[in-house]
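Below is one structure, written out as C-alpha cells; the observations come after it.
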Amino acid sequence: MIAVFVLLLAGVAAAGGAWIHEDGALQTVARVVRHEAPSPGRFLVASRNLADPHFSRTVVYLVAHSDEGSLGLVVNRPSEIRLADAVSDVEDGEGEDHAIFYGGPVKYSMITMLMRSEKQNPLVRQVADDVFFSHDRRVLDRLLAEHKPAAALRFYMGHAGWIAGQLQQEIGRGDWFVVDADPANIFSTRPASLWTRLIEKLDPGGLFVELERVSSS
C-alpha cells in the first residue's frame with residue numbers, strides 16, 4: 001500500500017440498494033454494489049475472512065478514487081489518544097472532546113480530518129453529501145475555535161492507500177463489501193460496533209451483542 005492520497009439481504013438483490021443507518025434501520029434509497037468500481041463516499045466493509053490485521057473487521061470510508069489509486073480512512077477504530085495529546089499547541093480544553101481514530105497504516109504520523117456541513121473552499125475538499133476532508137492546520141484551528149462538536153468532526157492518524165487496480169482486485173476476490181455510506185455512521189456515537197452492525201446486514205452470521213450498549217447500560 002502507498003499514499004496516493006454490500007448488501008446481501010433477504011429480499012434485496014445485489015443490484016438493489018439500501019443505506020444502513022446508525023440505529024440499524026434500513027432505507028432503500030441508494031444502489032448497493034459488490035465487485036464493481038468503488039467511488040468516494042462509499043464504505044468498504046471488510047469481509048469476515050479478511051485476515052490482514054490492519055483491516056480485519058474494519059469499515060473504510062473512501063475519500064478518493066481514480067485511475068491512479070484510492071485513499072480511505074478506517075472509521076471504526078477509535079484510540080485512547082486525545083487530540084491535545086497528538087497535535088502540538090492544542091490546549092487540553094480544546095482537544096479533550098476529540099479522540100484520534102486509527103485511520104490506516106499509511107503515513108501514521110499524519111492527522112486527517114473528516115467534517116460535516118462545511119462550505120467548499122481551497123482548504124477542504126468535499127467527499128460526498130455534506131462530508132468534507134482536510135489535513136490543513138488552519139482548518140483545524142478554525143474548527144476548534146468554532147467549537148465544532150465531535151458529532152460533526154473526526155480526526156484520524158494515518159490512512160489506507162491502494163495503488164492503481166489494487167482495490168478492485170481485493171474487492172474481486174471477496175475481501176470487501178462496497179456500500180453507499182450514510183454519513184451518520186461516520187460520526188456515530190458507537191463507532192467500535194459499526195463493522196458488526198454492517199456485516200450482520202451484509203453477511204448475516206447469527207446473533208451478536210453490541211458491547212457498547214451493554215457497557216453503557
Side-chain angles (χ1 to χ4, degrees), residues 1-7 17-22 27 29-34 36-47 50 52 54-66 69-79 98-108 110-118 120 124-136 139 143 148 150-162 166-168 170-171 175-199 201-202:
M1 299 214 172
I2 63 175
V4 285
F5 332 50
V6 180
L7 276 161
W19 273 0
I20 300 175
H21 288 263
E22 182 179 349
Q27 183 180 12
V29 293
R31 185 167 184 263
V32 175
V33 294
R34 189 182 185 187
E36 294 189 19
S39 63
R42 283 179 172 159
F43 279 150
L44 303 176
V45 182
S47 67
L50 181 55
D52 184 333
H54 292 299
F55 296 107
S56 176
R57 300 172 64 90
T58 62
V59 179
V60 177
Y61 183 64
L62 273 178
V63 171
H65 176 77
S66 71
S70 308
L71 182 146
L73 295 166
V74 176
V75 297
N76 67 317
R77 285 188 174 176
S79 76
H98 296 283
I100 303 290
F101 282 64
Y102 169 79
V106 181
K107 288 192 175 180
Y108 193 64
M110 186 178 195
I111 299 292
T112 299
M113 295 168 279
L114 288 179
M115 64 218 79
R116 300 191 76 175
S117 303
E118 287 293 298
Q120 189 69 267
V124 301
R125 184 174 69 190
Q126 185 177 23
V127 180
D129 302 308
D130 66 344
V131 180
F132 290 76
F133 164 86
S134 180
H135 53 82
D136 193 286
V139 175
L143 295 174
K148 201 170 186 77
L153 176 62
R154 289 287 161 90
F155 296 91
Y156 304 88
M157 294 187 300
H159 63 266
W162 294 264
Q166 182 183 3
L167 180 55
Q168 289 90 333
E170 293 181 10
I171 294 169
D175 289 350
W176 302 99
F177 293 96
V178 183
V179 58
D180 288 346
D182 179 355
N185 279 327
I186 301 170
F187 303 92
S188 167
T189 58
R190 296 181 286 136
S193 66
L194 179 58
W195 180 84
T196 302
R197 289 183 276 126
L198 290 175
I199 202 66
K201 298 292 185 180
L202 300 168

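Given the structure is predicted, the values throughout are model-derived calculations rather than measurements.
Between the side chain of Arg154 and the backbone N or O of Phe187 there is at least one donor-acceptor pair closer than 3.5 Å. No donor-acceptor pair closer than 3.5 Å links the side chain of Ser70 to the backbone N or O of His65. The closest donor-acceptor contact from the side chain of Trp176 to the backbone of Glu170 lies at 3.5 Å or more, if one exists at all. The backbone N or O of Val131 lies less than 3.5 Å from no partner atom in the side chain of Asp129, so there is not a single donor-acceptor pair. Counting only distance, with no hydrogens or angles, the side chain of Asn76 and the backbone of Arg57 share a donor-acceptor pair below 3.5 Å. For the pair Ser134 (side chain) and Asp136 (backbone), a donor-acceptor distance under 3.5 Å is present.
Take Phe132 and apply the ring pair (Phe, Tyr, Trp, His ring centres under 6.0 Å) test, not counting sequence neighbours, and it matches no residue.
Counting all heavy atoms, side chain and backbone alike, Trp162 lies closest to Gly72 at CZ3-N, 4.0 Å. Of all non-hydrogen atoms in Ile199 and Ala46, the two that sit nearest each other are CD1-O, 3.6 Å. The two residues Ala151 and Arg116 have their closest heavy-atom pair at O-CD, 4.3 Å. Between Ser56 and Arg77, the shortest heavy-atom distance links the atoms O-NH2, 2.8 Å. Nearest heavy atom pair, residue Ala128 against residue Pro40, reads CB-O, 4.4 Å.
Separating the CD1 atom in Ile100 from the OG atom in Ser79 is a distance of 6.5 Å, to the nearest 0.5 Å. The structure places CD1 of Ile186 at 4.5 Å from CZ of Phe43, a figure rounded to the nearest 0.5 Å. To the nearest 0.5 angstrom, Arg42 atom CZ is 11.5 Å from Tyr61 atom OH. For the atom pair CD (Gln126) and CD (Glu118), the distance works out to 11.0 Å, reported to the nearest 0.5 Å. The distance from the CG atom of Leu198 to the CG atom of Asn185 is 6.0 Å, given to the nearest 0.5 Å. Atom-to-atom distance recorded for Ser66:OG and Leu71:CG is 10.0 Å, nearest 0.5 angstrom.
Under the 3.5 Å distance criterion, with hydrogens and angles disregarded, a donor-acceptor pair is assigned to the side chains of Tyr102 and His54.
Looking only at side-chain heavy atoms (C-beta outward), Thr58 and Trp195 stay at 4.5 Å or farther from each other. His135 is not listed as a side-chain neighbour of His159, based on a closest heavy-atom distance of 4.5 Å or more.
Relative orientation of the Phe101 and Tyr156 rings is tilted, given thresholds of 30° and 60° on the angle between their planes.
With respect to Leu44, the side-chain contact (heavy atoms from CB on, under 4.5 Å) criterion is satisfied by exactly one of Val59, Val179, Val178, Leu50: Val178.
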Test side-chain contact (heavy atoms from CB on, under 4.5 Å) applied to Val63 and Thr112, step by step: CA-CA 11 Å; Val63 171; Thr112 299; over 6 Å; no

